[in-house]
Amino acid sequence: MTVTGETLKAGGSAKKGGCRLCPRDCGTKREAGQTGVCGQTDMLKVARAALHYWEEPCISGEAGSGTVFFSGCALHCVFCQNKEIADGTAGKYITVERLAEIFLELQGQQANNVNLVTPGHFVPQIKKALDKAKRQGFLLPVVYNTGSYESVENIRSLEGYIDVYLPDLKYKDAALSAKYSHAPDYFLHAGQAIAEMVRQTGEPRFVPESVLTDSIISGEERWKHVQWMTPEEMEDAEGTSILVRGTVVRHLLLPGCLSDAKGIIKYLLDTYGDKIYISLMSQYTPAQHLPDYPELGRRVTEREYEALLDYAIELGINLGFIQDGEAAEESFIPAFDGYGI
């Protein structure tokens, strides 16, 4: 399937049967070698697997997050900063068995967790790989890192597999999500998916990073050996603390979209309060020439970002992360060269 704006808008007009993992509902027979709106068949395609140090501090810590970047994406945002993997250009085909080995290898590198990036279209294969890895001693917390254009059913199927959800909430305004992601229904589906994530994980819980790096503790027996810390206790703890249960909702501020960003913060605080962390990101960097979207051809100004932070403080945000002025750098975007695959 060639992915175009019209394909994305078509959404659920496909035939019965086939792939229904995301709200595009394209119905493609991916198991037969056809490519869905995500650009992928049912063969696992991965672009990189390595320690990553540029997530939120409670995800990366000092040791790094064992990040696995999957190829393909159902959302196809026009401003995508990982375009070469989102469109499937980068990546290597691997088996479920090899993915299980990668999870174990990242554990051997003393990663704080395994971090699955844009994994929604490979959920069935990922669950099989996790099952295989656990039978071979895999114990790390698993992070699900997503743009949130997910079906509730797909997220619900992950209960018991995922410890930490790291979803974006990109838009509240349907006009913006239609314009930049060809998905006027984005907020509807993302909101429902995030609600299911929070239901599964409950309130945030942390452990000292040393617990994960000195003696890996996870699985059903893990909490017999270590005391969870609440966010309040985490603030008083010495050293780095790692989130091992909970949901962190990210919002990337886009140029000229301050009003929508404020609406998202208010929605999250009104809906979840201190049950989640909110990560307010300023790192937007124009990654490609966008002649049809000239407003996206610049970085977010310091004034725009400070206005967003001031609004969040005014609303009474307690659990959150912010980025400094050096965030909009290429260090956040690794080389998708097949490393670790």
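- Under a cut-off of 6.0 angstrom, the local environment of NZ in K275 is sparse, with at most 12 non-hydrogen atoms contributed by other residues, nucleotides or ligands.
- Counting only N and O atoms by type, the side chains of D185 and Y149 include a donor and acceptor under 3.5 Å apart.
- Y293 pairs by the ring pair (Phe, Tyr, Trp, His ring centres under 6.0 Å) definition with Y180, not counting sequence neighbours.
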Start with the C-alpha gap between K127 and V123, add the side-chain angles, then the distance that decides, and say whether side-chain contact (heavy atoms from CB on, under 4.5 Å) holds. CA-CA 6 Å; K127 290 194 295 185; V123 161; 4.1 Å; yes
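- Side chains of Q109 and E105: a donor-acceptor N/O pair is absent below 3.5 angstrom, by distance only.
- Side chains of N112 and E209: a donor on one and an acceptor on the other come within 3.5 Å.
- A salt bridge links E159 with R199: the distance from a Lys NZ or Arg NE/NH1/NH2 to an Asp or Glu carboxylate oxygen falls below 4.0 Å.
- Across all their heavy atoms, I94 and I102 have their closest contact at CD1-CD1, 4.0 Å.
- Within a 6.0 Å radius of NZ in K83, other residues, nucleotides and ligands contribute 12 heavy atoms or fewer.
- A donor-acceptor contact shorter than 3.5 Å is absent between the side chain of E150 and the backbone of I155.
- When only modelled atom types and interatomic distance are considered, D168 and S148 share no side-chain donor-acceptor pair under 3.5 Å.
- Looking at K179 and E295, a side-chain N of the basic residue comes within less than 4.0 Å of a carboxylate O on the acidic one, giving a salt bridge.
- Scanning all heavy atoms of the two residues, the minimum distance from G147 to L75 falls at O-CD2, 4.3 Å.
- Taking all atoms of both residues into account, the shortest heavy-atom contact from D260 to K172 is OD2-N, 3.0 Å.
- Between the side chain of H52 and the main chain of N115, no donor-acceptor pair closer than 3.5 Å is present.
- Using a cut-off of 4.0 Å between Lys/Arg side-chain N and Asp/Glu carboxylate O, R250 and E56 are scored as salt-bridged.
- In this structure, the side chains of Q81 and T285 come closer than 4.5 Å at one or more pairs of heavy atoms.
- Here Y171 and F187 keep their ring centres 6.0 angstrom or further from each other.
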